[in-house]
Amino acid sequence: MSSNKVPGPGKMAVLPARDDIEALINTRHRDPFAVLGPHPDGVGGQVIRAFLPGALSVKVVARDSDEVIGTLDSSEVPGLFAGHFADVRGYRLCISWAGGEQTSEDPYSFGPLLGEMDLYLFAEGNHRDLSSCFGAQVMSVDGVPGVRFAVWAPNARRVSVVGDFNIWDGRRHPMRLRHPSGVWELFIPRLAPGEAYKYEILGANGILPLKADPVALATQLPPDTASRVASPLQVDWQDAAWMQSRAEHQKPDAPLSIYELHAGSWQCEVDDIGEVARLYNWHELAERLIPYVQKLGFTHIELMPIMEHPFGGSWGYQPLSQFAPSARYGSPDDFAAFVNACHVAGIGVILDWVPAHFPNDTHGLAQFDGTALYEYANPLEGYHQDWNTLIYNLGRTEVHGFMLASALHWLKHFHIDGLRVDAVASMLYRDYSRKAGEWVPNIHGGRENLEAIEFLRHLNDVVALEAPGALMIAEESTAWPGVSQSTQQGGLGFAYKWNMGWMHDSLHYIQQDPMYRAHHHNELSFGLVYAWSERFILPISHDEVVHGKHSLIDKMPGDRWQKFANLRAYLSFMWAHPGKKLLFMGCEFGQWREWNHDQQLDWYLLQYHDHQGVQKLVGDLNRLYREEPALHDQDDVAQGFQWLIGDDATNSVYAWLRWSKAGKPLLVVANFTPVPRPGYRIGVPFSGTWQEVLNSDADTYAGSNYGNGGGVMTQALPSHGQEVSLALNLPPLGVLILQPT
């Protein structure tokens, strides 16, 4: 039985020292394990202490039976219980609360849990599986099920896990600090998946706002902000065939046609008056989205960020949980099942990922332990004035490793096929969007952010090793050289770079009235000057159809017929131009309204022939793009492209050849005026019949059906440096694609 009396000389006192008691009461104890839990008494027995504010009584029960070993006596300090036991035995605590009885192992009876190698790799910035180590890990310790919590807060004076399980009382579960890593840990026995939790942190200047877990694997549904204990992923992966062949699907000479979407506003459940009733979950999205993407022939989807984010209006680009899929659409298992379903259907999945900055919500990473831990301390380095966000201090090894582990978490645990890295330009330059005097130079006095550059290069090297075949794509809008060159060659190591220059120039051109396009002729041809300097994706993304920029079809000049013809011609030009393709949802059927993240797409428009025509054209473009190597297998080399006509500004006509590696060409001719041009002569390399494989003005696309009756014979008339030529009827605001038979 226990005793609350002080043992004799040389033996441990049952109650701790007064200073320790005061620190426990005031939740300022830096080492609760030194006071709480079992401690040898020096003569073969043990003293057990527990601090359980609000408890009525505590019994000590044998670990492996219901035998009552004794009791922990209450002390003059409310909630502090202690007892002396003659023998050292495994035990559980049977605690009586006002609302009932609870029996569990003592959290303070477990020794240090995180391995030294885990802590070393974390401190080094190279722990590649942080999501299986930090945060809330469901596990068994010494045969006891529970949850191990681990969080980095090196400048905290005390960290506690709080949640419904302890009435959010920071006195109940203070954590153990592991020196010198600054990581705090605690195993809470019998805690189950689904529990909501946060960290209560005592900083240098007092208690901080409760913080969500930076490495949480699941979260509450916003606007609630707590983290949730998540079970290890349980997914019946059936995508082995896809994963084994993925590298082939995603090689630079493979077709890559990406459908970008926002999961919450692609389709929703609507009520009787058409208002959004609820968002679809991942299973419902899979049932609707996958057949649609297959029908349209896209090779991949790209999801705008699905990492948990507090404000829906940020579209996910201000995430706070870099390891947790948003609870808006279901559980982590649900998201993994969605990816699996896409893979089984032969569709790749790319995620937008944001390592540049994070929002300053009080429950998030900002001033996490009372100091600038994840962000730069100096606002000239750490505050992003455009977005009112904070910038990751990637020069700090632990932050570098945190973001590295986030990328690998999605690629490895969720089988994601690629990450499109957001806002790379803002990462590369310390003076990005800053005036003179508003930024801090690097150690050499320059404007380059050397720490972020090193991070991106390390990230791409590690991904190549850990997730072979996965794509790393940079949203990068400057002239930074070698974005898609290997790091061995001095590049950043990305697979692709978004071609923002092509996007700006081509959209500026297509918005001109055809009467004035002759004065802007070089805007469509200029992209070919630098087309081979990087491996490019041509992006018509969400950013181009919001904030008063108009939808893609609404950018087009002219009457309704001309707007649709312009749109069809522009999309055909894009698919025939060197570079992989990305199109934002709604553009594929000509949605008039700008994208609104709070509403679904205007699917009702597909009852109209001209909207159906655009959608059918996109499907046919994708099929042609996938089936014809000339359109994809020499995308990033000059040998795959040959100008025939690039200087006919008067007629706004362009013509070029796309060549496959096997030497088979496709002829592309674009007429960007509403004037039909009969008998337009173009030199071609082979004599015989050239078959019309696509005409953007065809009746099936709701065009005027002006063309060449399916094919044209060459004539022995030299033109454009070729021995033979074609006399083509060029449709108004139309693009033709032909091939020799």
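Quick caveat, the model's predicted, so the values are computed rather than measured.
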Ala123 backbone acceptor or donor facing Thr397 side chain under 3.5 Å: yes

Does Arg288 qualify as a cation-pi partner of Tyr280, given the criterion of NZ or CZ under 6.0 Å from the six-membered ring centre and within 45 degrees of its axis? yes

Is it the case that the side chain of Ser227 and the backbone of Asp213 share a donor-acceptor pair, with hydrogens and angles ignored and the cut-off at 3.5 Å? yes

Given side chains that start at C-beta, do those of Pro359 and Leu320 come closer than 4.5 Å, heavy atoms only? yes

Salt-bridge criterion met for Glu200 and Arg158 (N-O under 4.0 Å): yes

Pair Asp333, Ser331 - check side-chain hydrogen bond (donor to acceptor under 3.5 Å, both in side chains), show working. CA-CA 5 Å; Asp333 282 355; Ser331 71; 5.1 Å; no

Verdict with supporting geometry, Glu67 and Arg89, salt bridge (charged side-chain N to carboxylate O under 4.0 Å, His left out): CA-CA 12 Å; Glu67 177 194 352; Arg89 296 176 62 182; 2.9 Å; yes

Looking at Arg28, is its backbone amide N or carbonyl O close enough to the side chain of Asn26 to form a donor-acceptor pair, meaning the two atoms are under 3.5 Å apart? no

Okay, side chain of Glu308, backbone of Ala327: is any donor-acceptor separation there less than 3.5 Å? yes

Minimal non-hydrogen separation, Val144 against Glu105, with atom names: CG1-OE1, 3.3 Å

For Ala62, does its backbone N or O pair with a side-chain atom of Arg92 as donor and acceptor, under 3.5 Å? yes

Has the side chain of Arg176 got a donor or acceptor atom that lies under 3.5 Å from a matching backbone atom of Gly111? yes

Please find out if less than 6.0 Å separates the ring center of Tyr374 from that of Trp152. yes

Partner of Val60 by side chain to side chain contact (heavy atoms under 4.5 Å, CB included), out of Leu93, Thr71, Asp106, Val68: Leu93

What I want to check is whether the side chains of His415 and Asp239 have a donor and an acceptor closer together than 3.5 Å. yes

With a 4.5 Å cut-off on side-chain heavy atoms, are Asp236 and Asn340 touching? no

Distance from Thr27 atom OG1 to Arg157 atom CZ, nearest 0.5 Å? 10.0 Å

Leu411 to Ala467 - nearest heavy-atom pair and separation: CB-CB, 4.0 Å

Should Phe81 and Asp73 be marked as a side chain to side chain contact (heavy atoms under 4.5 Å, CB included) after you check the CA-CA gap, both sets of side-chain angles, and the distance that decides it? CA-CA 5 Å; Phe81 297 84; Asp73 298 328; over 6 Å; no

Going by atom types only, do Trp387 and Gln318 share a side-chain donor-acceptor pair under 3.5 Å? no

Centroid separation under 6.0 Å, is that true for the rings of Trp315 and His262? no

Closest non-hydrogen atoms of Val138 and Pro232, given as atom of the first, atom of the second and distance, are CB-CD, 4.1 Å

For Asn281 and His283, work out which heavy atoms get closest and say how close. OD1-N, 3.0 Å

Nearest 0.5 angstrom please: Ile290 CD1 to Ile301 CD1, how far? 7.5 Å

Can you classify the ring geometry of Trp410 versus Phe335 as parallel (below 30°), tilted (30 to 60°) or perpendicular (above 60°)? perpendicular

Side chains of Asp422 and Tyr317, donor plus acceptor under 3.5 Å: no

Between the SG atom in Cys342 and the CD1 atom in Ile350, the distance rounded to the nearest 0.5 Å is 11.5 Å

Can a donor-acceptor pair be found, under 3.5 Å and without considering hydrogens, that links the side chain of Arg228 to the backbone of Gly194? yes

Which residue is it: His173, Arg172, Arg171? I am looking for the one with a side-chain hydrogen bond (donor to acceptor under 3.5 Å, both in side chains) to Asn166. His173

Pairwise distance NE2(His363) to OG1(Thr225) - rounded to 0.5 angstrom: 4.5 Å

From Ser96 OG over to Leu56 CG, what is the distance, rounded to the nearest 0.5 angstrom? 6.5 Å

When you check the gap from the basic side-chain N to the acidic O, do Arg396 and Glu124 get nearer than 4.0 Å? no

In His357, His400, Gln322, Glu375, the residue satisfying side-chain hydrogen bond (donor to acceptor under 3.5 Å, both in side chains) with Tyr392 is Gln322

Lys59 NZ: over 12 foreign heavy atoms closer than 6.0 Å: no

Could you check Trp168 against Leu210 for side chain to side chain contact (heavy atoms under 4.5 Å, CB included), going step by step and ending with a plain yes or no? CA-CA 10 Å; Trp168 300 87; Leu210 295 182; 4.0 Å; yes

Would you confirm whether the ring centroid of Phe187 sits within less than 6.0 angstrom of the ring centroid of Phe149? no

Please check if any side-chain donor atom of Gln600 sits under 3.5 Å from a side-chain acceptor atom of Ser265, or the reverse. no

Verify, without hydrogens or angle tests, whether Lys211 (side chain) and Ala366 (backbone) share a donor-acceptor contact under 3.5 angstrom. yes

Side chain to side chain contact (heavy atoms under 4.5 Å, CB included) for Tyr329 and Asp334? Distances and angles first, verdict last. CA-CA 8 Å; Tyr329 316 113; Asp334 294 334; over 6 Å; no

Please check if any side-chain donor atom of Asp129 sits under 3.5 Å from a side-chain acceptor atom of His413, or the reverse. yes

For a side chain to side chain contact (heavy atoms under 4.5 Å, CB included) check, start with the C-alpha distance between Val462 and Leu404, then their side-chain angles and the critical distance, and finish with the verdict. CA-CA 8 Å; Val462 168; Leu404 185 77; 4.1 Å; yes

Do Glu466 and Lys412 meet the salt-bridge criterion of a basic N to acidic O distance under 4.0 Å? yes

Please confirm whether His409 and Phe414 have ring centers closer than 6.0 angstrom. yes

Can a side-chain donor-acceptor contact be found between Tyr383 and Asn360 if the only test is distance below 3.5 angstrom? no

Identify the two heavy atoms, one from Val276 and one from Cys268, that lie closest to each other, and give their separation to 0.1 Å. CG1-CB, 3.9 Å

Can you confirm whether Asp417 sits close enough to Trp242 that some side-chain heavy atom of one is under 4.5 Å from a side-chain heavy atom of the other? yes

Determine whether a donor-acceptor pair (N or O, by modelled atom type, separation under 3.5 Å) exists between the side chain of Asp271 and the backbone of Ala277. no

For Ile167, I'd like to know if atom CD1 has over 12 heavy atoms of other residues, nucleotides or ligands within 6.0 Å. no

Side chain of Glu398, backbone of Gly182: donor and acceptor closer than 3.5 Å? no

Which residue, Phe323, Phe368, Phe455, forms the ring-ring contact (aromatic ring centres under 6.0 Å, His included) with Phe402? Phe323

Under the salt bridge (charged side-chain N to carboxylate O under 4.0 Å, His left out) criterion, do Arg49 and Asp20 qualify, and how do the steps go? CA-CA 12 Å; Arg49 305 189 190 107; Asp20 285 322; over 6 Å; no

Could you give the distance from OG (Ser406) to CE (Met307), rounded to the nearest 0.5 Å? 6.0 Å

Any idea which heavy atoms bring Cys133 and Ala150 closest together, and the distance? O-CB, 4.2 Å

